[in-house]
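The block underneath contains the structure these notes are about, expressed in structure tokens.
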2 protein chains.
Amino acid sequence: MQISEVAKEFGLTTDTLRYYEREGLIGPITKGKNGIRNYTEEDIKRIQFVKCMRSAGLEINFLKRYIQLFEGGDKTVKERREILVEQRKILKEKLDAMQEAYNRLNYKIDLYDKNILDKNLM
Amino acid sequence: MQISEVAKEFGLTTDTLRYYEREGLIGPITKGKNGIRNYTEEDIKRIQFVKCMRSAGLEINFLKRYIQLFEGGDKTVKERREILVEQRKILKEKLDAMQEAYNRLNYKIDLYDKNILDKNLM
DNA sequence: ATATCACTTAGAGTTTACTTCAAGTCAATA
DNA sequence: TATTGACTTGAAGTAAACTCTAAGTGATAT
């Protein structure tokens, strides 16, 4: 699978895919004689994971580190678990903050819908 | 209330508070003769709102625009409602993406807890 | 009196995550 | 054969949101 197809499938740009590769988040992707990247099913899976985590706001640096640990083999299991738990905590806090803002937006939109012209900003 | 107290209460830095003010998200905060900011209850409420929305990832530019509209009075109600709905949509999409990543993290941590050493990254 | 501390300003610097640029290769089509 | 289009590279540029610096003021503690 070529870079443009992968980019399209995941809603990323080809530049972003090459950037992720440079940063060690994916690949290195094997290239044909002409130097063109050919993405395997394994590569695609990795991209799917990276995309999911990035969409949730997890940092490139965390992903890099986690992947490095993963490649370090079984002896890194403990540390891997620890950083996943840490990221989960951060994510949970963000989720809660977002839920709160979401509720607040809903409430305010509801007031607009009921034509209640609140003199308060929010 | 002085800037450092406000900063402490909201877990922001004084620099950030002054930055928000420069950007027109809050204030202008009235100052004493010595030039020192004195935050009123109204100011605090505004900061609370800004903090809530920023924590959810809403952009400074959106907040700026919404606040400008608000200060434009009743004739801006329609547009205000529209941009709130737009932001709610964006927020909902982010929430869903984060929930997915959260579930995935949970699943993986669960595997680690059960000592299932998965050969897959995620 | 002098030092300390919190505050003030304008403006420069930093971080994160891309994004764009310039220059070039290669295969296919007009 | 010439041009089009997708790919390649390293490096420079950008946007958003802070964050820090330098220089200064003014009230209070020693």
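A, B, ... follow the sequence lines: proteins, then strands. Residue 1 opens every chain.
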Of all of residues 2-9 of chain B, which get a heavy atom below 4.0 angstrom from DNA chain C, listed by number?
B/Gln2, B/Ile3, B/Ser4
Salt bridge (Lys or Arg N to Asp or Glu O under 4.0 Å): which pairs involve residues 64-73 of chain B, sequence neighbours left out?
B/Glu23-B/Lys64, B/Arg46-B/Glu71, B/Arg65-B/Glu79
Under the side-chain hydrogen bond (donor to acceptor under 3.5 Å, both in side chains) test, which residues partner A/Arg80, sequence neighbours left out?
A/Thr76, B/Tyr112
Identify each atom pair where a protein N or O and an N or O of nucleotides 18-20 of chain C are less than 3.5 Å apart, giving names and distance.
from   : atom 1 : to      : atom 2 : distance (Å)
C/dC18 : OP2    : A/Tyr20 : OH     : 2.9
C/dC18 : OP2    : A/Arg54 : NE     : 2.8
C/dC18 : OP2    : A/Arg54 : NH2    : 3.1
C/dT19 : OP2    : A/Thr16 : OG1    : 3.4
C/dT19 : O4     : A/Arg22 : NH2    : 3.4

So, the side chain of A/Asn38 versus the backbone of A/Met1: is there a donor-acceptor pair under 3.5 Å, distance only?
yes
Can you tell me which residue among A/Val50, A/Ile47, A/Ile3 is in a side chain to side chain contact (heavy atoms under 4.5 Å, CB included) with A/Leu12?
A/Ile47
Value in whole Å for how far the P atom of D/dA17 lies from NZ of B/Lys64:
9 Å
So if I take residues 30-49 of chain A and measure heavy-atom distances to DNA chain D, which residues fall below 4.0 Å?
A/Lys31, A/Gly35, A/Ile36, A/Arg37
Taken in chain and number order and not counting sequence neighbours, the residues that satisfy side-chain hydrogen bond (donor to acceptor under 3.5 Å, both in side chains) with A/Glu100 are none
Give the ring-plane orientation class for B/Tyr66 versus B/Phe62, where under 30° counts as parallel, over 60° as perpendicular and anything between as tilted.
parallel
Do any pairs count as a salt bridge (Lys or Arg N to Asp or Glu O under 4.0 Å) and have a residue in residues 111-122 of chain B, sequence neighbours left out, and if so which ones?
A/Arg81-B/Asp113, B/Lys108-B/Asp118, B/Asp110-B/Lys114
Who clusters with A/Ile36? Use side-chain heavy atoms, under 4.5 angstrom, across I, L, V, M, F, W and Y, and order the result by chain and number.
none
The side-chain hydrogen bond (donor to acceptor under 3.5 Å, both in side chains) partners of B/Asn103 (sequence neighbours excluded) come to B/Gln99
Residue pair A/Glu21 / A/Pro28: nearest heavy atoms and the distance that separates them:
OE2-CA, 3.7 Å
I need the CD-P distance between B/Glu23 and D/dA17, as an integer number of Å.
9 Å
Apart from A/Leu111 itself, which Ile, Leu, Val, Met, Phe, Trp or Tyr residues share its cluster (side-chain heavy atoms under 4.5 Å, direct or through members)?
A/Tyr107, A/Ile116
For the pair made of CG in B/Leu25 and P in D/dA17, what is the distance, rounded to whole Å?
9 Å
To the nearest angstrom, how far is B/Arg18 atom CZ from C/dA10 atom C1'?
12 Å
Atom NZ of B/Lys51 to atom P of D/dA17: distance rounded to whole Å?
16 Å
Identify, with sequence neighbours excluded, every residue that meets side-chain hydrogen bond (donor to acceptor under 3.5 Å, both in side chains) alongside B/Tyr39.
none
Any carboxylate oxygen within less than 4.0 angstrom of a Lys/Arg side-chain nitrogen, looking at B/Glu82 and B/Lys78?
yes
Considering only nitrogen or oxygen atoms on both sides, find all protein atoms under 3.5 Å from nucleotides 1-3 of chain D and state each distance.
none

Rounded distance (Å) that lies between atom P of C/dT16 and atom CD1 of A/Ile90
13 Å
What is the distance, rounded to the nearest whole Å, between atom CE of A/Met1 and atom P of D/dA6?
16 Å
